[in-house]
Amino acid sequence: MDPKSNCRRILAAVRAIPAGQVAGYGEVARRAGLPGRARLVARLLAGNEDPRLPWHRVLRSDGRIAFPAGSPSWQEQVDRLRAEGVEVRNGRVRVAGPRGALDAELWGPGRR
DNA sequence: TGCGTGACCCAGG
DNA sequence: ACCTGGGCCACGC
């Protein structure tokens with residue numbers, strides 16, 4: 001599989017996350033047709049320069065923000081999520097379910 | 001050519 | 001909630 005194609009598909013999957021909703025790195029990878037390649041997703045986001053890309057909607061599978069708590073990037077992600085109406089408590093999006101639940105579904109503002 | 005290093009994930013303990 | 005160990009793999013040195 002051509003790496004460039006993978007890159008495009010992953011970025012497309014990220015762009016496909018609706019405002020106000022979030023998805024896990026692994027989830028994004030699966031939607032891009034690359035199961036098990038969450039790290040690749042993380043790598044792409046880390047190197048991304050496109051300001052239109054909604055990178056802040058991508059979280060770890062447990063609902064926590066991937067950056068070290070309190071870091072500038074962490075803060076920015078929290079702010080961006082809240083600006084879209086996503087509830088964030090202690091760097092974590094509300095998650096009621098087993099570990100990895102984020103990877104099983106997508107949360108929207110209406111859900112508990 | 002190896003080896004360490006990540007915006008990761010998962011099953012277990 | 002935290003730690004371990006195994007998977008994953010592009011990159012840099």
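Numbered from 1 within each chain, the chains take letters A, B, ... in sequence-line order.
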Legend entry - Atom-pair distance (CG on L59(A); P on dA7(B)), nearest Å: 15 Å
Inset, instruction - Identify whether any heavy atom of R57(A) sits under 4.0 Å from a base atom; if not, whether one sits that close to sugar-phosphate; answer base, sugar-phosphate or nothing. - result: nothing
Legend entry - Shortest side-chain distance from F67(A), nucleotide among dC8(C), dA7(B), dC9(B): dA7(B)
Legend entry - Side-chain donor or acceptor of R82(A) paired with backbone N/O of E87(A) under 3.5 Å: no
Legend entry - Set of salt bridge (Lys or Arg N to Asp or Glu O under 4.0 Å) partners for D2(A), sequence neighbours left out: none
Legend entry - Polar side-chain contact R43(A)-dG6(B) base: donor and acceptor under 3.5 Å: no
Inset, instruction - For R92(A) and for R39(A), locate the closest nucleotide of DNA chain C by heavy-atom distance; then report the residue assigned to the nucleotide nearer the 5' terminus. - result: R92(A)
Legend entry - R57(A) and E84(A) ion-paired at < 4.0 Å: yes
Legend entry - Atom pair distance, as rounded to whole Å: CD1 in I65(A) and P in dG6(B): 20 Å
Inset, instruction - Give, for atom CH2 of W74(A) and atom CD1 of I65(A), the distance between the pair rounded to the nearest 0.5 Å. - result: 6.0 Å
Inset, instruction - Please confirm whether the backbone N or O of H56(A) pairs with a side-chain atom of Q77(A), one donor and one acceptor, at under 3.5 Å? - result: yes
Legend entry - Distance in angstrom units between L40(A) CG and dA7(B) C1', rounded: 13 Å
Legend entry - Interatomic distance, R64(A) CZ vs dA7(B) P [rounded to whole Å]: 14 Å
Inset, instruction - Remember a base hit wins even if backbone is also touched, and classify W74(A) as base, sugar-phosphate or nothing at under 4.0 Å, heavy atoms. - result: nothing
Legend entry - Secondary-structure string, 5' to 3', Watson-Crick or G-U under 3.5 Å, | for another-strand partners, for DNA chain B: .|||||.||||||
Inset, instruction - For R92(A) and G63(A), indicate whether the former's side chain and the latter's backbone hold a donor-acceptor pair under 3.5 Å. - result: no
Inset, instruction - Measure from the side-chain heavy atoms of R60(A) and tell me the nearest of dA7(B), dC8(B), dC10(B). - result: dC8(B)
Inset, instruction - Return the value, rounded to whole Å, for the distance between atom OH of Y25(A) and atom C1' of dG6(B). - result: 11 Å
Legend entry - Side-chain (D62(A)) to main-chain (R64(A)) donor-acceptor, under 3.5 angstrom: yes
Inset, instruction - Just call it for R37(A): base, sugar-phosphate, or nothing, with non-hydrogen atoms closer than 4.0 Å on any strand. - result: sugar-phosphate
Legend entry - C1'-based separation of dG7(C) from dG6(B) [nearest Å]: 15 Å
Inset, instruction - In whole angstrom, give me the gap between the C1' atoms of dT1(B) and dC13(C). - result: 12 Å
Inset, instruction - Provide, to the nearest angstrom, the distance between the CZ atom belonging to R31(A) and the P atom belonging to dC9(B). - result: 13 Å
Inset, instruction - Figure out the CH2/P separation between W55(A) and dC8(B), and round it to whole Å. - result: 13 Å
Inset, instruction - Starting at atom CG of L44(A), determine the distance to atom C1' of dA10(C), rounded to an integer number of angstrom. - result: 9 Å
